[in-house]
Amino acid sequence: GAVVSQHPSRVICKSGTSVKIECRSLDFQATTMFWYRQFPKQSLMLMATSNEGSKATYEQGVEKDKFLINHASLTLSTLTVTSAHPEDSSFYICSARDTGRGQETQYFGPGTRLLVL
Amino acid sequence: KNQVEQSPQSLIILEGKNCTLQCNYTVSPFSNLRWYKQDTGRGPVSLTIMTFSENTKSNGRYTATLDADTKQSSLHITASQLSDSASYICVVSDGGATNKLIFGTGTLLAVQP
């Protein structure tokens with residue numbers, strides 16, 4: 001089946017530093033990828049929609065200058081948390097839509113646990 | 001407002017028993033309804049996906065039902081196993097231009113030996 005990978009799986013960083021998280025579709029092309037954030041005991045919250053070759057679309061309340069998204073190829077999207085603070089500590093999950101199989105086909109990555117000290 | 005509500009919030013059952021999880025939604029327009037299993041510290045894995053015209057779909061020991069008239073869905077787990085312990089999330093797609101997914105808050109299932 002389709003696989004989406006994320007790297008790193010977990011990261012600990014100091015407050016004020018930037019962290020980059022990669023999301024890759026391993027065996028399919030993904031024109032559209034999504035970035036979610038999940039706090040403990042809560043459901044996934046969509047942060048932004050990443051479109052290959054164009055600017056990402058951010059959800060209301062998500063700072064685009066803080067959460068930089070780059071979707072430079074059909075298999076890779078990156079999320080950079082700039083000047084991270086402890087409140088950014090969360091579980092970040094990406095998903096990728098299989099371009100060749102329609103809008104309903106969306107696969108999730110395993111997630112990245114970010115801890116900001 | 002588009003919402004997806006799940007019940008119960010959490011559930012404990014003994015290994016081998018069956019259970020049913022509920023999902024009510026107010027999403028409109030409606031495209032499809034999905035059930036995902038999310039293990040702790042992992043990303044969600046798709047179990048079933050149903051469109052408006054489908055009222056039941058099975059995936060092994062998982063059977064999902066959909067009543068589009070009452071906007072309700074259920075996920076039935078048969079002969080539960082310890083590995084079924086996870087959060088089960090009901091997700092509805094709004095069928096808009098971007099096929100936005102609206103997530104329920106999940107039901108945390110614990111299967112005990």
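In what follows, every heavy atom counts, from backbone to side chain, and hydrogens, waters and symmetry copies are set aside. Order of the sequence lines fixes the chain letters, A, B, ..., with proteins taken first and strands second; residue numbering starts at 1 for each chain.
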### Message
Just verifying a value: how many Å separate A/L44 CG and B/I89 CD1, rounded to the nearest 0.5 Å?
### Response
5.5 Å
### Query
Quick one: CZ on A/R97 to CG on B/L101, what's the gap to the nearest 0.5 Å?
7.5 Å
## Note on the structure
If you tally heavy-atom pairs under 4.5 Å between each of B/G104, B/S87, B/G106, B/S93 and chain A, the highest tally belongs to B/G104
Please answer: with hydrophobic residues joined when any side-chain heavy atoms are less than 4.5 Å apart, are [X] and [Y] in the same cluster?
X	Y	result
B/M50	B/V27	yes
A/V11	A/I69	yes
B/Y36	A/W35	no
A/M47	A/L68	no
A/F91	B/L108	no

## Note on the structure
When the 4.5 angstrom heavy-atom criterion is applied to B/Q38 and chain A, the contacting part is side chain
### Task
Provide the closest heavy-atom pair for B/F103 versus A/S43 in the form atom of the first, atom of the second, distance.
CB-OG, 3.2 Å
### Query
Closest approach of B/P44 and A/F108, non-hydrogen atoms and distance?
O-CB, 3.4 Å
#### Entry: Heavy-atom contact with chain B under 4.5 Å, split by part of A/Q38
side chain
### Task
State whether the number of non-hydrogen atoms from other residues, nucleotides or ligands found under 6.0 Å of A/K66 atom NZ is greater than 12.
yes
